[in-house]
Amino acid sequence: MKHPRIVRPLAWCAALVLTATACSGEDEPAGHAGKASAPPLTGTQLVIATGVDVTGKNGIRKRLVDAWNELQEKENSPYRARAVILPGSADLQRSQLLAALQSGSAGYDVVNLDVTWVPEFAAAGLVRELPRNYADDGDVLAEVAATAGWKGKVYSAPYNSDVGLLYYRRDYLVDGAGIDGKKLAALAGKHTTWNDVAALMDAVDAWARADKTDKSKNYRSAWTSQLGAYEGLTVNGTEAFASAGARLTDEDGDYTASLRQLTKGVTEFRRRTESPRTLDDAFESDEAGTLKDFAEGRTAFLRHWPYAYRTLHAALGNDKLGVVPLPGAAALGGQNLAVAANPAMPAARVKKAQELVAFLTDKTSERCLLDAGFAATRKSAYTDSGTSCDDHRAAPSASAPSEGGGGDMPRDAFRRPLYARDTLLPALEAAALRPRTPLYGAFTHAFTRELSRLHNSAKARSASDEDAAKELDAALRKVLPSG
């Protein structure tokens with residue numbers, strides 16, 4: 001990066017290396033070979049296979065597991081749970097889980113799945129069917145509940161959700177470009193469009209390039225997002241295509257998009273990522289890189305996930321940071337808990353694993369996840385004043401001062417993150433699902449390859465939107481069944 005600038009002592013830097021909870025792999029799906037005979041699972045320790053907790057080493061996920069273990073002790077139950085952290089990227093974690101569950105060699109009882117993996121694991125018979133109320137009990141958000149099953153059956157319980165948000169630099173927009181506060185506040189409106197944001201981008205860009213003071217010396221371009229050739233690009237592409245009305249698959253995972261819809265999607269994607277508004281580095285960047293570029297002042301806008309809010313607030317404070325729902329469609333992310341379908345699991349062990357999943361996803365746990373910085377999957381976490389995170393499950397930061405000191409977020413009168421009810425909840429309720437298919441790995445590989453070519457191939461860059469859509473259509477028809 002050119003001319004890096006440290007905004008303040010950055011305790012947030014550690015968060016830059018953490019993988020976003022919404023990402024999944026882009027490789028071809030592993031073949032579902034017949035399962036090897038699994039050894040019997042003995043003992044009373046339940047093993048949860050999961051990725052890194054973005055809330056830290058002693059983060060909220062660990063504290064929730066600890067709380068369940070304390071409950072087991074009080075009830076004189078011999079069962080205890082522990083989490084095994086899977087190394088590597090989300091793509092590598094998916095491959096590891098597939099291999100481990102197919103062979104039965106790892107002894108996992110509960111697995112934490114990206115929402116896009118659920119159809120694949122369910123179709124392969126690697127996770128057990130759960131009672132319907134694990135996903136649909138009237139409290140789980142509707143779009144979130146839709147990620148929990150496949151072919152009309154429930155195979156997972158929503159654990160933490162995720163959705164794209166739009167972060168912006170108040171200091172650039174108001175103090176620099178002189179944009180009226182009311183106009184900025186209107187960004188949070190339901191009818192805000194990408195054209196509205198683009199107009200603000202152009203205004204701040206014009207100011208920054210004309211500014212002769214130190215206020216904008218790090219500025220490079222108006223916005224950045226995760227446009228590297230990985231799942232981040234699939235997410236950004238999905239948001240653009242959904243905003244243009246292009247639905248790629250139906251509920252059965254069959255490819256249904258028309259050439260007309262794809263052309264509109266390509267047009268919208270190109271519009272969002274065109275130069276000079278988009279930071280050049282965005283096309284090789286991920287969650288960590290874009291977070292750093294925005295915090296250090298190289299852009300005025302950033303598309304990112306909810307977990308970034310705590311990190312950015314610690315770096316910038318209220319005076320410099322704003323966040324609103326992403327205009328148009330925002331992709332739904334998140335992770336769900338599923339019980340492994342190892343046939344060697346005794347019935348008592350299966351029941352206890354289900355109890356563990358129910359505990360980790362109940363109203364109290366979801367409120368704890370929200371307080372710690374995750375997007376909760378239950379509406380009660382955002383709206384029910386009677387639902388709180390009890391002392392045994394609470395993350396340490398939940399009791400920090402409401403001003404956000406010590407790296408905490410601003411909080412409302414009920415100790416929720418201040419932006420949760422009016423910004424995060426509406427974004428989740430309006431979120432768009434990525435294609436739900438057991439062939440998601442093949443889909444995301446083809447989708448990112450074609451979208452990447454629009455920026456790294458001279459031939460693709462010069463092609464019309466319709467011609468680019470034809471190439472995308474051919475690529476997706478090769479990997480997805482047609483309805």
Checklist line | Stepwise side chain to side chain contact (heavy atoms under 4.5 Å, CB included) check, Trp68 with Gln72 | finding: CA-CA 6 Å; Trp68 188 79; Gln72 299 311 298; 3.2 Å; yes

Item checked: Check against side chain to side chain contact (heavy atoms under 4.5 Å, CB included), Leu46 and Arg80 -> CA-CA 6 Å; Leu46 302 180; Arg80 300 291 185 272; over 6 Å; no

Next item on the list: Please report the C-alpha distance between Leu97 and Tyr108 in whole Å, then the side-chain angles of each, then the deciding distance to 0.1 Å, and finally whether the side chain to side chain contact (heavy atoms under 4.5 Å, CB included) criterion is met.
Entry: CA-CA 9 Å; Leu97 281 177; Tyr108 297 146; 3.9 Å; yes

Note to self: Please evaluate residues Thr311 and Lys292 with respect to the criterion side chain to side chain contact (heavy atoms under 4.5 Å, CB included), reporting the C-alpha separation (whole Å), side-chain torsions for both, the decisive distance (0.1 Å), and the verdict.
What the structure shows: CA-CA 10 Å; Thr311 295; Lys292 191 171 189 291; over 6 Å; no

Next item on the list: Give the intermediate values and the outcome of ring-ring contact (aromatic ring centres under 6.0 Å, His included) for residues Phe447 and Phe241.
Entry: CA-CA 11 Å; Phe447 194 58; Phe241 277 59; 5.4 Å; yes

Margin query: Please evaluate residues Gln335 and Arg61 with respect to the criterion side chain to side chain donor-acceptor pair (under 3.5 Å), reporting the C-alpha separation (whole Å), side-chain torsions for both, the decisive distance (0.1 Å), and the verdict.
Written below: CA-CA 12 Å; Gln335 295 177 315; Arg61 287 179 178 169; 2.4 Å; yes

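Scored by the salt bridge (charged side-chain N to carboxylate O under 4.0 Å, His left out) test, Glu284 finds no partners at all (sequence neighbours excluded). With sequence neighbours excluded, the residues that form a side chain to side chain contact (heavy atoms under 4.5 Å, CB included) with Ser380 are Asp139, Lys363, Arg378, Asp384, Thr387. Under the side chain to side chain contact (heavy atoms under 4.5 Å, CB included) criterion, Thr290 pairs with Thr224, Gln226, Ser285, Leu302, His304, sequence neighbours left out. Residues satisfying the ring-ring contact (aromatic ring centres under 6.0 Å, His included) test with Tyr79, not counting sequence neighbours, are none. With sequence neighbours excluded, the residues forming a side chain to side chain contact (heavy atoms under 4.5 Å, CB included) with Arg82 are Gln45, Val47, Val84, listed by chain and number. Every residue meeting the side chain to side chain contact (heavy atoms under 4.5 Å, CB included) condition with Asn133, not counting sequence neighbours, appears here in chain and number order: Pro131, Asp137.
The pair Glu231-Arg94 does not count as a salt bridge, with every side-chain nitrogen at least 4.0 angstrom from each carboxylate oxygen. Asp136 and Arg132 are not joined by a salt bridge, as no carboxylate oxygen comes within less than 4.0 angstrom of a charged side-chain nitrogen.
Using a distance-only test at 3.5 Å, with no hydrogens or angles considered, a donor-acceptor pair links the side chain of Thr44 to the main chain of Pro78. Counting only distance, with no hydrogens or angles, the side chain of Thr444 and the backbone of Gly441 share no donor-acceptor pair below 3.5 Å. One N or O on the side chain of Arg411 and one on the backbone of Asp371 form a donor-acceptor pair closer than 3.5 Å. Judged by distance alone, with hydrogens and angles left aside, the side-chain atoms of Arg169 form no donor-acceptor pair with the main-chain N or O of Gly322 at under 3.5 Å. No donor-acceptor distance shorter than 3.5 angstrom exists from the side chain of Ser225 to the backbone of Leu227, with no hydrogens or angles considered. Ser243 contributes a side-chain N or O that, together with a main-chain N or O of Ala329, makes up a donor-acceptor pair within less than 3.5 Å. Looking at Tyr419, its side chain never comes within 3.5 Å of a backbone N or O of Tyr309 through a donor-acceptor pair. Using a distance-only test at 3.5 Å, with no hydrogens or angles considered, a donor-acceptor pair links the side chain of Thr55 to the main chain of Ile60. Under a 3.5 Å cut-off, the side chain of Thr192 and the backbone N or O of Ala186 do form a donor-acceptor pair. Counting only distance, with no hydrogens or angles, the side chain of Asn218 and the backbone of Arg298 share no donor-acceptor pair below 3.5 Å.
In terms of heavy-atom proximity, Met409 sits nearest to Pro417 at CE-CG, 3.8 Å. The shortest non-hydrogen separation linking Thr50 to Ala83 is CG2-CB, 4.1 Å. Of all heavy-atom pairs between Ala331 and Val235, the closest is CB-CG1, 3.7 Å. Contact between Tyr168 and Val324 at its shortest, heavy atoms only, is CE2-CG1, 4.0 Å. Among all heavy-atom pairs drawn from Ala300 and Tyr219, the shortest one is N-CE1, 4.2 Å. For the pair Val144 and Val140, the tightest heavy-atom approach, listed with the atom from each and the gap, is CG1-CG1, 4.1 Å.
Relative to the six-membered ring of Trp194, Arg272 meets both conditions, a distance below 6.0 Å and an angle of at most 45° to the axis.
Side chains of Asp109 and Arg349 form a contact here, defined as non-hydrogen atoms less than 4.5 Å apart. Between Leu166 and Pro327, some side-chain heavy-atom pair lies under the 4.5 Å cut-off. The side-chain heavy atoms of Thr273 and Phe283, taken from C-beta on, include a pair separated by under 4.5 Å. Side-chain contact between Tyr159 and Leu113: absent, with no pair of heavy atoms (C-beta onward) separated by less than 4.5 Å. The closest side-chain heavy-atom distance from Leu326 to Val163 is not below 4.5 Å. Between Val111 and Val127 the shortest side-chain heavy-atom distance falls below 4.5 Å. Within the 4.5 Å cutoff, the side chain of Thr147 has heavy atoms near those of the Asn336 side chain. Taking 4.5 Å as the limit, some side-chain heavy atom of Arg63 sits within range of a side-chain heavy atom of Asn58.
The structure places CG of Leu424 at 12.0 Å from CG of Leu418, a figure rounded to the nearest 0.5 Å. Put simply, OG1 on Thr249 and CZ on Arg434 are 12.0 Å apart, with the number rounded to the nearest 0.5 Å. Between the CG atom of Leu451 and the OG1 atom of Thr238 there is a distance of 8.5 Å, given to the nearest 0.5 Å. Considering CG of Leu64 and CD of Glu366, their distance stands at 8.5 Å, rounded to 0.5 Å. Remark: Tyr167 OH to Phe294 CZ distance equals 9.0 Å, nearest 0.5 Å. Thr383 OG1 to Leu425 CG: the interatomic distance, rounded to the nearest 0.5 Å, is 7.0 Å.
More than 12 heavy atoms of other residues, nucleotides or ligands lie within 6.0 Å of NZ in Lys352, so this atom counts as buried by the packing criterion.
Side chains of Asp91 and Ser89: no donor on one and acceptor on the other come within 3.5 Å.
The aromatic rings of Phe443 and Tyr440 sit tilted relative to each other, their planes meeting at an angle between 30° and 60°.
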